[in-house]
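So that the names make sense, note that chain A is the first sequence line, chain B the second, and so on, each numbered from 1. Note that the structure is a prediction, hence the values are computed from the model and not measured.
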2 protein chains.
Amino acid sequence: MGLAKTEIFTEQQNEIALIAKVFGHPARVAILQHLFKQDSCVCGDLVNVIGLAQPTISQHLKELKLLGLIKGNVEGTSVCYCIDTEAWTDMKGIMIKFLDQDLPDTECC
Amino acid sequence: MGLAKTEIFTEQQNEIALIAKVFGHPARVAILQHLFKQDSCVCGDLVNVIGLAQPTISQHLKELKLLGLIKGNVEGTSVCYCIDTEAWTDMKGIMIKFLDQDLPDTECC
DNA sequence: TTTATTCATCGTAATATTGCAATGAAACAA
DNA sequence: TTGTTTCATTGCAATATTACGATGAATAAA
């Protein structure tokens with residue numbers, strides 16, 4: 001099938017999964033880390049830094065944009081991409097809340 | 001292709017992506033949340049709680065086990081699953097380090 | 001206008017993921 | 001032994017993802 005049954009899960013569970021899915025590819029992790037380092041960035045730069053073909057980078061950027069984590073601004077022939085700080089903070093809150101659940105004192109197995 | 005070019009990324013980037021990939025399905029998020037709530041759990045329970053067929057749950061549990069986040073212990077005919085607290089803490093450290101990068105003061109776009 | 005540059009989109013091939021019915025394997029109960 | 005229960009595995013169909021060549025659109029430069 002390849003199709004997740006999202007309707008049987010809570011909105012929160014689906015949201016966590018959607019965020020995680022975007023982080024589930026090393027290229028997108030690398031793009032985000034580069035954007036954090038640079039403050040500002042263009043796609044051509046990323047093609048050199050990451051080492052994937054330009055259409056592939058463009059596709060990964062699209063998914064990051066779709067989730068709202070990055071913003072793109074056209075500047076002449078190039079496009080400037082950067083982290084959407086507000087969206088990143090919101091996302092971080094959701095993910096840390098999930099990661100930070102109370103661990104049981106004793107393990108059963 | 002459907003095949004990530006892991007060799008061009010750092011070990012850290014691949015590790016973050018591998019972790020995130022496992023969280024990238026709501027069923028696995030739901031399973032983990034249930035294990036946190038229960039302290040102890042068996043798969044049959046999960047099939048009822050989650051609402052997917054038994055083989056599907058079993059497959060998701062396998063991926064969680066493969067990443068090391070949960071442990072399974074055979075108890076008679078049933079299997080007891082629970083969070084591996086040490087592995088969870090390690091994983092949490094890696095993910096929070098990634099999520100907690102310093103945001104730029106000013107956005108360029 | 002013509003050409004170059006930069007990035008997005010389209011189309012497609014290769015592979016991965018999701019879900020489940022059918023079936024196995026292991027432990028227990030009768 | 002013969003069921004019964006519980007979970008894992010196999011096999012398969014439907015869909016998703018990844019990667020990139022080819023091409024398109026927009027702007028800038030000559």
Side-chain angles (χ1 to χ4, degrees), chain A residues 1-9 13-14 17-31 34-35 40-67 70-82 109, chain B residues 1-9 13-14 17-31 34-35 40-67 70-82 109:
Chain A
M1 312 228 143
L3 175 63
K5 284 189 157 182
T6 55
E7 69 278 8
I8 66 172
F9 303 104
Q13 287 162 347
N14 282 313
L18 272 179
I19 294 167
K21 208 173 193 179
V22 170
F23 293 151
H25 194 289
R28 293 191 288 267
V29 172
I31 287 172
H34 190 67
L35 289 180
S40 148
C41 196
V42 290
C43 184
D45 193 5
L46 284 167
V47 171
N48 293 328
V49 171
I50 309 286
L52 289 170
Q54 180 268 323
T56 309
I57 297 291
S58 193
Q59 199 172 298
H60 285 305
L61 285 167
K62 194 179 175 181
E63 288 180 66
L64 290 166
K65 237 190 311 183
L66 207 75
L67 193 62
I70 64 173
K71 289 191 285 189
N73 206 35
V74 179
E75 285 186 2
T77 53
S78 67
V79 177
C80 165
Y81 279 109
C82 63
C109 2
Chain B
M1 312 227 146
L3 174 64
K5 284 189 159 181
T6 54
E7 70 277 7
I8 66 172
F9 302 104
Q13 286 162 347
N14 281 313
L18 271 179
I19 295 167
K21 209 173 191 179
V22 170
F23 293 152
H25 194 289
R28 293 189 289 264
V29 172
I31 288 172
H34 190 67
L35 289 181
S40 149
C41 196
V42 288
C43 183
D45 194 6
L46 284 167
V47 171
N48 294 328
V49 171
I50 309 286
L52 289 171
Q54 180 267 323
T56 309
I57 297 291
S58 193
Q59 199 173 298
H60 285 306
L61 285 167
K62 193 179 176 183
E63 288 180 66
L64 289 166
K65 237 191 310 183
L66 206 75
L67 194 61
I70 66 173
K71 290 191 285 190
N73 206 36
V74 179
E75 287 187 2
T77 54
S78 67
V79 177
C80 165
Y81 278 109
C82 64
C109 359

*Can a side chain N or O of A:S78 be found less than 4.0 Å away from OP1 or OP2 on C:dT6?*
no

Can you name the residues that form a side chain to side chain donor-acceptor pair (under 3.5 Å) with [X], not counting sequence neighbours?
X	value
A:Q13	A:T10, B:Q33
A:K5	none
A:K62	none
B:Q54	none

*asked:* Which residues pass the side chain to side chain contact (heavy atoms under 4.5 Å, CB included) test with A:T77, not counting sequence neighbours?
replied: none

_A:V74: side chain to side chain contact (heavy atoms under 4.5 Å, CB included) partners, not counting sequence neighbours_ = A:V79

*Got a sec, which pairs hit salt bridge (Lys or Arg N to Asp or Glu O under 4.0 Å) with one end in residues 19-28 of chain B, sequence neighbours left out?*
B:R28-B:E63

To the nearest angstrom, how far is [X] atom [atom1] from [N] atom [atom2]?
X	N	atom1	atom2	value
A:N73	C:dT6	CG	C1'	15 Å
B:L46	D:dC7	CG	C1'	12 Å
B:I50	C:dT18	CD1	P	14 Å
A:L61	C:dT6	CG	P	16 Å

*Are B:H60 and B:I50 side-chain neighbours, meaning at least one heavy-atom pair lies under 4.5 Å?*
no

*asked:* Angle between the two end axes of the helix from C:dT1-D:dA30 to C:dA30-D:dT1, five base pairs per end, rounded to 10 degrees?
replied: 10°

*Let me have a per-nucleotide readout for nucleotides 25-30 of chain C, 5' to 3', with B, S or -, counting only protein heavy atoms under 4.0 Å.*
--BS--

Kindly give the atom pairs (protein nitrogen or oxygen, nucleotide nitrogen or oxygen) under 3.5 Å for nucleotides 14-22 of chain D.
unit_1 : atom_1 : unit_2 : atom_2 : d
D:dA14 : N3     : A:M1   : N      : 2.4
D:dA14 : N3     : A:M1   : O      : 2.7
D:dA14 : N3     : A:G2   : N      : 3.3
D:dT15 : O4'    : A:M1   : O      : 2.3
D:dT17 : OP1    : A:K21  : NZ     : 3.3
D:dT17 : O2     : B:G2   : N      : 3.4
D:dT18 : OP1    : A:R28  : NH2    : 3.4
D:dT18 : OP2    : A:R28  : NH1    : 3.2
D:dT18 : O4'    : B:G2   : N      : 3.4
D:dT18 : O3'    : A:H25  : NE2    : 3.4
D:dT18 : O3'    : B:L3   : O      : 3.3
D:dT18 : O2     : B:M1   : N      : 2.1
D:dT18 : O2     : B:G2   : N      : 2.6
D:dA19 : OP1    : A:H25  : NE2    : 3.3
D:dA19 : OP1    : B:K5   : N      : 2.9
D:dA19 : OP2    : A:H25  : NE2    : 3.0
D:dA19 : OP2    : A:H60  : NE2    : 2.9
D:dC20 : OP1    : B:K5   : NZ     : 2.6
D:dC20 : OP2    : A:A53  : N      : 3.0
D:dC20 : OP2    : A:T56  : OG1    : 3.2
D:dC20 : N4     : A:Q59  : OE1    : 3.3

*Describe the nucleic acid contact of A:V42 in one word from base, sugar-phosphate, nothing, applying a heavy-atom distance below 4.0 Å.*
sugar-phosphate

